[in-house]
Amino acid sequence: MLRVVPKSSEISFWREVLGVSVSKLINTIGVILLIIILNSEFTVPEIGVFFFFFVLVEFLSNFVAGVAKAVRKRVSGNSGKCPEYLVVGMLFAVVFQSIMSVLLLATFVFLPENLLPDTASMANLNLVLASIFLLFTQSLGKLMLNYNSGLGHPSRSEWVGRAVPGALFFISTIVVVYLGYGLSSIFVVGALGYLFSAVLMFFFTRPNLLTVPSREDFDSVMRFGKWSILSRIASNIYGSTDVLILGVLVTSVSVGYYQSSNDLVELSFIIPYGIFAVTSVKVSGLDAESRKNEIVSIVEESMKISPVLPVMLLFMSLGFGDIVIELVYGSSFTDAYYYFIGLLVVETLSSYRKPIVGLNEGTDNPRIPFYSNIVAIVVNFVSVLPLVFLFGGLGVVISTILSGIVRLASIFWMSRDYLKHVDEYVSFSYCYIIGTILLFFVLLAKRYIELDLFRELSLMSAFVFLYLTGLYLLFNVDLD
């Protein structure tokens, strides 16, 4: 039976955003639970080693993700399955990741141990090989996710491409830890989860992988891909450098604090991520049909909703962050509080940027996110070393905040052709007004009332209810 491929311009925007956001939530909770499990069996330095290699794999697989975005753009802008674009992406992935794997293995085997950073020297060959296996399967999963999303299924793709391997990763980690295996085994079962999800997505769409792409197909992907790859490289450097710098210049304990806080902060990013994932697909279809007014309307509504959760969690954490950290990760992570607050500021800035990135990718302007990333990287690199010297590991977080401000300002300015039509910026301040008022009363209550754990949790629940109720009454958002 012939499958019907939906037009990307006609997908239900907010329904797809909801599906993607719930998938992201499940995946993020899985990662947080994973850290809790690791914390019960491994030391903070060992967890730092785990995340050093995990982030390194993510860094390298995101090069393929740059091509995957180009595949998604080309598929969403055309009718049919377009398997030739997927084949181009797979060829790139095999060649690139093979080269990276050889370099990674050669570095670990032949470089003297005293020249390796402290975090890498604590690893063994099995962990490196398991990381390479995860690298290949994660890259394949990202290709299949973006291909399926481009066909008009962003929500389903996120569920199968992220939530499924995330859930399998978490469940299999429990088994591996219970049986007493090491960190390398966790990477192996994680790789098998990504492989399973990639195969599942293949059977959903059944693209003909024997299709031979033409030179025109290759050029079409690379015309967009040259910018999305460069943007992804820049984004990789910007997003992964913090952990790598901490691992090289500071300690594995700092890596553990930073990455654990960052994974908890990801809870604030579920809605911005959902908006970004769907915007890029929806806008691509609208742009192909020259429906600019509808594009502006989607961006306007998205920028109202995107920061709601990050801003709420930022103000909540200013009042309750130390309790949250200790409840989730235990007393050994109490010193991660300031990492947690700083990274929430970073995610709040990113929540305004994500809808604009989706706009740029959907309108065939991937060079704009690239340029904004480059500006942020320059600020980050210039400021990080003196800030690390002054503040230690927290200097990395401060540097990221500064570069995040510049990154947001630059992408706003370069996207002004569309953003100049957005005329409801005043409504963006509602989140901060309500958050400030509620935080004031929280601090007042904590000063004059002795609060036990139950009262703290009750106060947090009241904060969430009043914040969301206030915004619901003030916001006018079209959810059709």
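The structure displayed is predicted, hence computed values, not measured ones.
- Within 6.0 Å of atom OH in Tyr337, more than 12 heavy atoms from other residues, nucleotides or ligands are found, so the atom counts as buried in its surroundings.
- Here the shortest heavy-atom pairing between Gly470 and Ile434 reads C-CD1, 3.7 Å.
- Ring to ring, Phe187 and Phe53 are not that close: their centroids are 6.0 angstrom or more apart.
- Residues Arg407 and Asn373 form a side-chain contact, since some pair of their non-hydrogen atoms from C-beta on lies under 4.5 Å apart.
- Ser399 and Ser383 make their closest contact through OG-OG, 2.8 Å (heavy atoms, listed as atom of the first residue, atom of the second, distance).
- When the options Thr137, Leu143, Leu135 are evaluated for a side chain to side chain contact (heavy atoms under 4.5 Å, CB included) with Ser139, the one that passes is Leu135.
- Closest approach of Gly161 to Met201, counting heavy atoms only: CA-CE, 3.8 Å.
- Across every non-hydrogen atom of Val64 and Phe92, the tightest pair is CA-CE2, 4.2 Å.
- The closest side-chain heavy-atom distance from Val67 to Phe96 is not below 4.5 Å.
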side-chain contact (heavy atoms from CB on, under 4.5 Å) assessment of Leu314 paired with Ser268: CA-CA 9 Å; Leu314 174 60; Ser268 71; over 6 Å; no
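- Residue Asn360 holds its CG atom at 11.0 Å from OG of Ser280, rounded to the nearest 0.5 Å.
- Remark: the backbone N or O of Leu145 is not paired with any side-chain donor or acceptor of Ser149 at under 3.5 angstrom.
- Taking 4.0 Å as the cut-off between side-chain N and carboxylate O, Arg72 and Glu361 count as a salt-bridged pair.
- In this structure, CZ in Phe440 is found 11.5 Å from OG1 in Thr436, a value given to the nearest 0.5 Å.
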Determine, step by step, whether Val442 and Phe320 satisfy the side-chain contact (heavy atoms from CB on, under 4.5 Å) criterion, reporting the C-alpha distance in whole Å, the side-chain angles of both residues, the deciding distance to 0.1 Å, and the verdict. CA-CA 9 Å; Val442 166; Phe320 306 102; 3.5 Å; yes
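- Considering CG of Leu140 and CE of Met144, their distance stands at 7.0 Å, rounded to 0.5 Å.
- Proximity of Glu158 to Lys24: side-chain heavy atoms (C-beta onward) are nowhere separated by under 4.5 Å.
- The shortest side-chain heavy-atom distance between Tyr338 and Val397 does not fall under the 4.5 Å cut-off.
- For the atom pair CD1 of Ile433 and CG of Leu471, the computed distance is 10.0 Å after rounding to the nearest 0.5 Å.
- The number of heavy atoms from other shown groups lying within 6.0 Å of CZ (Phe202) is above 12.
- Looking only at distances, no side-chain donor or acceptor of Ser403 sits under 3.5 Å from a matching main-chain atom of Asn380.
- By the side chain to side chain donor-acceptor pair (under 3.5 Å) test, Asn148 is found to be paired with no residue, residues two or more places apart in sequence or in another chain being considered.
- Residues Val308 and Leu468 are in side-chain contact: their nearest non-hydrogen atoms beyond the backbone lie under 4.5 Å apart.
- The aromatic rings of Tyr432 and Phe315 stand perpendicular to each other, their planes meeting at an angle above 60°, with 30° marking the opposite boundary.
- Atom CD1 of Ile401 sits about 10.0 Å away from atom CD1 of Ile341, to the nearest 0.5 Å.
- Proximity of Phe169 to Ile186: side-chain heavy atoms (C-beta onward) are separated by under 4.5 Å at one or more points.
- Counting heavy atoms from C-beta outward, Lys354 and Ile275 have side chains that stay 4.5 Å or more apart.
- Crowding of Asn293 atom CG: a count of heavy atoms from other residues, nucleotides or ligands under 6.0 Å not exceeding 12.
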Chi angles and distances behind the side-chain contact (heavy atoms from CB on, under 4.5 Å) call for Leu349, Leu408: CA-CA 7 Å; Leu349 293 169; Leu408 178 61; 4.1 Å; yes
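- For Arg416 and Trp413, the positive end sits near the middle of the six-membered ring, less than 6.0 Å away and at most 45° from its axis.
- Considering only residues two or more places apart in sequence or on other chains, Phe269 meets the ring-ring contact (aromatic ring centres under 6.0 Å, His included) condition with none of them.
- Listed here is the closest heavy atom pair of Asp417 and Lys292: O-NZ, 3.9 Å.
- With rounding to the nearest 0.5 Å, the separation of OG in Ser302 from CD1 in Ile271 is 11.5 Å.
- Listed by chain and residue number, nothing satisfies the ring-ring contact (aromatic ring centres under 6.0 Å, His included) test with Tyr273 (two or more places apart in sequence, or in another chain).
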May I have the step-by-step check of side-chain contact (heavy atoms from CB on, under 4.5 Å) for Leu387 and Leu402, ending in yes or no? CA-CA 11 Å; Leu387 287 172; Leu402 294 175; 4.2 Å; yes
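- Residue Pro207 comes nearest to Leu86 through the heavy atom pair CG-CD2, 3.7 Å, listed as atom of the first residue, atom of the second, then distance.
- Between the side chains of Ser351 and Ser306, not a single donor N or O lies within less than 3.5 Å of an accepting N or O.
- With sequence neighbours excluded, no residue satisfies ring-ring contact (aromatic ring centres under 6.0 Å, His included) with Phe463.
- With sequence neighbours excluded, the residues satisfying side chain to side chain contact (heavy atoms under 4.5 Å, CB included) with Pro165 are Tyr194, Ser197.
- With contacts defined as side-chain heavy-atom distances shorter than 4.5 Å, the pair Leu343/Tyr258 qualifies.
- With Thr469 as the fixed residue, the side chain to side chain contact (heavy atoms under 4.5 Å, CB included) test singles out one of Tyr467, Phe465, Tyr472: Phe465.
- Applying the ring-ring contact (aromatic ring centres under 6.0 Å, His included) rule to Phe441 yields no partners; only residues at least two apart in sequence or on another chain are considered.
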